[in-house]
Protein chains: 2
Amino acid sequence: MGTVEWVETVERLIRSTQELLWERGYVGTSPKAIQAAAEAGQGSMYHHFAGKAELARAAIERSGAELTEAAEQELAGPGTATERIVRYLRRDREVLRGCRMGRLTADPDVMADPALRAPVAEAFGRIRARLADIIAEGKRDGEFPAGLDPVATAAAVAAVLQGGYVLARAAGEDDPFELAVQGLVHLLEGVSA
Amino acid sequence: MGTVEWVETVERLIRSTQELLWERGYVGTSPKAIQAAAEAGQGSMYHHFAGKAELARAAIERSGAELTEAAEQELAGPGTATERIVRYLRRDREVLRGCRMGRLTADPDVMADPALRAPVAEAFGRIRARLADIIAEGKRDGEFPAGLDPVATAAAVAAVLQGGYVLARAAGEDDPFELAVQGLVHLLEGVSA
DNA sequence: GTCTATATGGCGATAGAC
DNA sequence: GTCTATCGCCATATAGAC
């Protein structure tokens with residue numbers, strides 16, 4: 001049993017935990033369910049991780065990194081500030097599954113544990129900062145009016161996404177998400193015109 | 001033991017469930033915790049409600065009614081369309097506690113049970129429709145440009161609130177919520193000018 | 001209507017064999 | 001590294017006395 005199998009078991013544990021946290025949250029995810037999803041035994045899991053919290057920490061950090069990287073993919077490409085933001089907003093998403101990070105803010109045990117909340121805070125902090133940079137750039141280029149607040153506008157953009165997920169899940173269909181994005185894009189284009 | 005005590009026990013059970021669902025969600029709320037919070041015994045709870053799901057149903061329906069009524073309070077008052085929407089957005093909120101309804105969309109058991117999800121869907125449906133009415137009104141009065149889509153804009157407004165809660169909880173402070181609202185209000189005023 | 005007793009099963013973890 | 005056994009506790013009721 002070389003390093004390969006070791007890494008693969010840990011990887012399966014982390015990825016299974018990511019999926020379960022996404023679907024059922026921290027409170028709703030049991031070590032047993034993780035083991036079943038990862039096809040790993042009880043002993044195996046507790047050998048690699050001290051417990052549920054430590055495994056969740058690894059999974060949340062991984063998800064945070066993936067999320068910010070995905071955002072960077074859309075935001076770093078070519079185009080005007082508006083085009084890049086719209087591309088990010090309209091990216092293909094599994095709307096009804098919700099946001100893997102945003103979902104965790106509903107979990108009291110995650111919010112109460114600094115080690116679990118920190119990666120969530122960091123992911124959203126990075127994305128909001130990146131959006132604010134792009135909007136500030138758009139201002140410099142005369143694309144947005146001088147009076148536009150980049151930080152506040154960036155928060156609104158991020159909030160529309162997170163809120164769009166919430167409204168869509170409540171409705172049981174994608175529409176509210178798409179509508180909210182459409183409404184925001186329209187407003188953004190309105191002030192740019 | 002007349003009707004008074006009976007009603008009071010049921011009331012305490014419902015209200016305690018509302019609080020616990022808000023704080024810990026459906027999965028994280030146990031009948032035992034509800035009984036403790038309501039100062040009601042095991043037998044008492046199961047006498048009035050068939051089980052956790054039925055009690056949750058009553059609590060969610062109550063919360064939905066309270067939420068739509070509160071929204072109506074802000075939205076029905078005097079002022080222009082923009083003023084009424086801004087008043088609704090800026091209403092005093094316990095930001096870090098999140099939205100009692102929005103929170104439930106993260107709960108897989110709530111989403112999976114039509115009886116539990118329906119009141120959530122209805123509450124958001126009502127609020128979005130009411131916002132769309134007001135925006136349509138503002139269009140008729142020349143307050144908003146003719147090109148503005150009331151339904152999409154309403155979805156964006158509702159999404160900013162829900163997303164603002166998520167961002168604020170992630171950050172552990174109110175700021176992102178306030179910023180998102182500020183960003184949206186600025187955009188709304190921008191297109192109205 | 002409310003109480004206590006009881007039941008089944010899952011949670012989250014530890015222990016020690018292999 | 002992984003397995004099985006075991007643990008104490010809680011979840012979600014049900015049963016029947018009072």
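Chain A is the first sequence line, chain B the second, and so forth, proteins listed ahead of strands; every chain is numbered from 1.
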Between A/E189 and A/T82, does any side-chain donor sit less than 3.5 Å from a side-chain acceptor?
-> no

Which of the following nucleotides, C/dT2, C/dA13, D/dG1, is nearest to the side chain of B/H47?
-> C/dT2

Looking only at side-chain N and O atoms, does B/S30 come under 4.0 Å of OP1 or OP2 in D/dC10?
-> no

Would you mind reading off the distance between B/Y26 atom OH and D/dA11 atom P, rounded to a whole angstrom?
-> 14 Å

Starting at CG of A/L55 and ending at P of C/dC11, how long is that distance when rounded to a whole Å?
-> 15 Å

Quick note, B/T9 side chain, CB onward, closest among D/dT2, C/dT2, D/dT14 is C/dT2

For B/M45 and for A/M45, find the nucleotide of DNA chain C with the closest heavy atom, then tell me which residue's nucleotide is more 5'.
-> B/M45

A/Y46 has an atom OH; how far is it from atom C1' of D/dT4, in whole Å?
-> 15 Å

Among the candidates C/dG1, D/dC3, C/dT4, find the nucleotide nearest to the side-chain atoms of B/H48.
-> C/dG1

Side-chain contact check for B/Q42: nearest option of D/dT4, C/dC11, D/dT12 is D/dT12

Would you indicate which nucleotide in C/dT14, C/dC11, D/dA13 comes nearest to any side-chain atom of B/K52?
-> D/dA13

If you round to the nearest 0.5 Å, how far is CD of B/E66 from CZ of B/R100?
-> 5.0 Å

Spacing between B/K32 atom NZ and D/dC9 atom C1', to the nearest angstrom | 9 Å

Take atom CZ of A/R24 and atom C1' of C/dG10, then tell me their distance rounded to the nearest Å.
-> 13 Å

Contacts of A/V27 and A/G43 projected onto DNA chain C by closest heavy atom; the upstream (5') one is A/V27

Closest of C/dG12, C/dC3, C/dC11 to the A/P31 side chain is C/dG12

Using whole Å, report how far CD1 of A/I34 lies from C1' of C/dC11.
-> 12 Å

Which one of B/R97, B/R93, B/E94 satisfies the side-chain hydrogen bond (donor to acceptor under 3.5 Å, both in side chains) criterion with B/Y165?
-> B/R93

Charged N-O contact under 4.0 Å between A/E122 and A/R126 | yes

Identified side-chain hydrogen bond (donor to acceptor under 3.5 Å, both in side chains) counterpart of A/Q42 within the set A/H47, A/K32, A/Q35 = A/Q35

In whole angstrom, give the distance that lies between atom CD of B/E54 and atom C1' of D/dT12.
-> 15 Å

Protein-nucleotide distance (B/R12, atom CZ; C/dG1, atom C1'), rounded to Å | 12 Å

